[in-house]
Amino acid sequence: MANAINWFEIPSSNYERALDFYGKVFDAELYQQDIMGIKMAFLPCGEGEVGGAVCYGDGNKPSENGARVYLNGGDDLSTPLSRVESAGGKVVLPKTKISDEIGYMATFIDTEGNQISFHSPH
């Protein structure tokens, strides 16, 4: 098993707002698709890498208290983190060093009320 996680979904209560937020944070146009009645906007990832999507539909309820997703912040999470507040989110833990071996993390609340984190080596 290469990864403990093979897919994740970030719930939204306002799909268009969430799509706009994550598009701005990642500075990317998110590919969209309806799958089994659920609207999905796929976050950037390379072929064969672990991916995920922002989702809207039955059963998707945002929460600050659920499982924590750590998104790839690239080489330095300062870049996507710098876009969070202008995109409508709120940084609740600024870039913080975990350790030399593990790198850095930061946490934000997205426009939907989900608590999400970034991780990067620098």
Side-chain angles (χ1 to χ4, degrees):
M1 177 170 47
N3 297 296
I5 295 175
N6 64 359
W7 181 254
F8 63 89
E9 295 179 356
I10 299 172
S12 68
S13 56
N14 182 319
Y15 180 72
E16 294 300 325
R17 179 178 63 200
L19 178 67
D20 182 62
F21 174 78
Y22 283 99
K24 287 177 180 174
V25 167
F26 281 104
D27 193 26
E29 187 172 333
L30 306 184
Y31 173 74
Q32 299 176 63
Q33 189 172 5
D34 285 359
I35 299 177
M36 298 172 51
I38 304 292
K39 289 184 179 183
M40 302 183 110
F42 299 93
L43 300 175
C45 74
E47 189 172 328
E49 295 179 352
V50 174
V54 175
C55 298
Y56 176 81
D58 190 37
N60 285 288
K61 183 178 177 185
S63 173
E64 284 185 47
N65 303 315
R68 177 86 53 92
V69 174
Y70 282 78
L71 300 176
N72 186 340
D75 189 49
D76 183 347
L77 64 80
S78 296
T79 302
L81 187 66
S82 71
R83 300 181 190 123
V84 165
E85 294 198 351
S86 64
K90 180 179 180 179
V91 175
V92 294
L93 178 67
K95 182 177 177 180
T96 303
K97 186 174 186 175
I98 302 166
S99 72
D100 289 339
E101 299 78 26
I102 297 172
Y104 294 81
M105 67 171 288
T107 302
F108 62 93
I109 306 297
D110 71 7
T111 55
E112 306 309 293
N114 296 299
Q115 185 168 244
I116 306 287
S117 294
F118 280 124
H119 174 263
S120 69
H122 300 102

Open item on the list: Under 3.5 Å, is there a donor on one side chain and an acceptor on the other for H122 and D76?
Closed with: no
- [ ] Sorted by first residue and then second, give each side-chain hydrogen bond (donor to acceptor under 3.5 Å, both in side chains) pair with at least one member in residues 52-65; sequence neighbours left out.
- [x] none
Task: Transitive ILVMFWY side-chain link V25 to V91, under 4.5 Å - done: yes
Task: For F118 against G73, the heavy-atom pair lying closest together - done: CD2-CA, 4.0 Å
- [ ] Working to the nearest 0.5 Å, report the span between CD of E49 and CG of N6.
- [x] 14.0 Å
Open item on the list: Can you tell me how far apart NZ (K97) and NZ (K95) are? Round to the nearest 0.5 Å.
Closed with: 10.5 Å
Open item on the list: Would you say Y104 ends up clustered with F26 if hydrophobic residues are merged whenever their side chains have heavy atoms under 4.5 Å apart, either directly or through other cluster members?
Closed with: yes
Open item on the list: Give me the atom names and distance for the closest heavy-atom approach of Q115 to R68.
Closed with: NE2-NH2, 2.8 Å
Task: Atom of L77, atom of S120 and distance for their closest heavy-atom approach - done: N-OG, 3.0 Å
Task: Main-chain N/O of G37 paired to D34 side chain as donor or acceptor, under 3.5 Å - done: no
Open item on the list: Take a 6.0 Å sphere around CD of Q33 and say whether it holds more than 12 heavy atoms from other residues, nucleotides or ligands.
Closed with: yes
Open item on the list: Starting from V54, can I reach I109 by hopping between I/L/V/M/F/W/Y residues whose side chains sit under 4.5 Å apart?
Closed with: no
TODO: If the plane angle is over 60° it's perpendicular, under 30° parallel, otherwise tilted; pick one for Y22 and F108.
DONE: tilted
- [ ] Starting at CD of E9, measure out to CG of L43 and round the result to the nearest 0.5 Å.
- [x] 10.5 Å
TODO: Scan side-chain atoms only and decide if S12 and E112 contain a donor-acceptor pair under the 3.5 Å cut-off.
DONE: no
- [ ] Grab the two heavy atoms, one from R83 and one from T79, that are nearest each other, plus how far apart they are.
- [x] NH2-CG2, 3.4 Å
TODO: Run through the side-chain heavy atoms of Ile, Leu, Val, Met, Phe, Trp and Tyr, join any pair under 4.5 Å, and report what else lands in I102's cluster.
DONE: Y70, L93, I98, M105
Task: Apart from W7 itself, residues in the same hydrophobic cluster as defined by side-chain heavy atoms under 4.5 Å - done: Y31, I35, M36, I38, M40, F42
Open item on the list: Main chain of P94, side chain of T96: is a donor-acceptor contact present, judged purely on distance under 3.5 Å?
Closed with: yes
Open item on the list: Quick check for you: to the nearest 0.5 Å, what is the distance between L71 atom CG and I10 atom CD1?
Closed with: 5.0 Å
Open item on the list: For P11 versus N114, what's the shortest heavy-atom pair and its separation?
Closed with: O-ND2, 2.7 Å
Task: Inter-residue atom distance T111.OG1 - E16.CD, 0.5 Å rounding - done: 11.5 Å
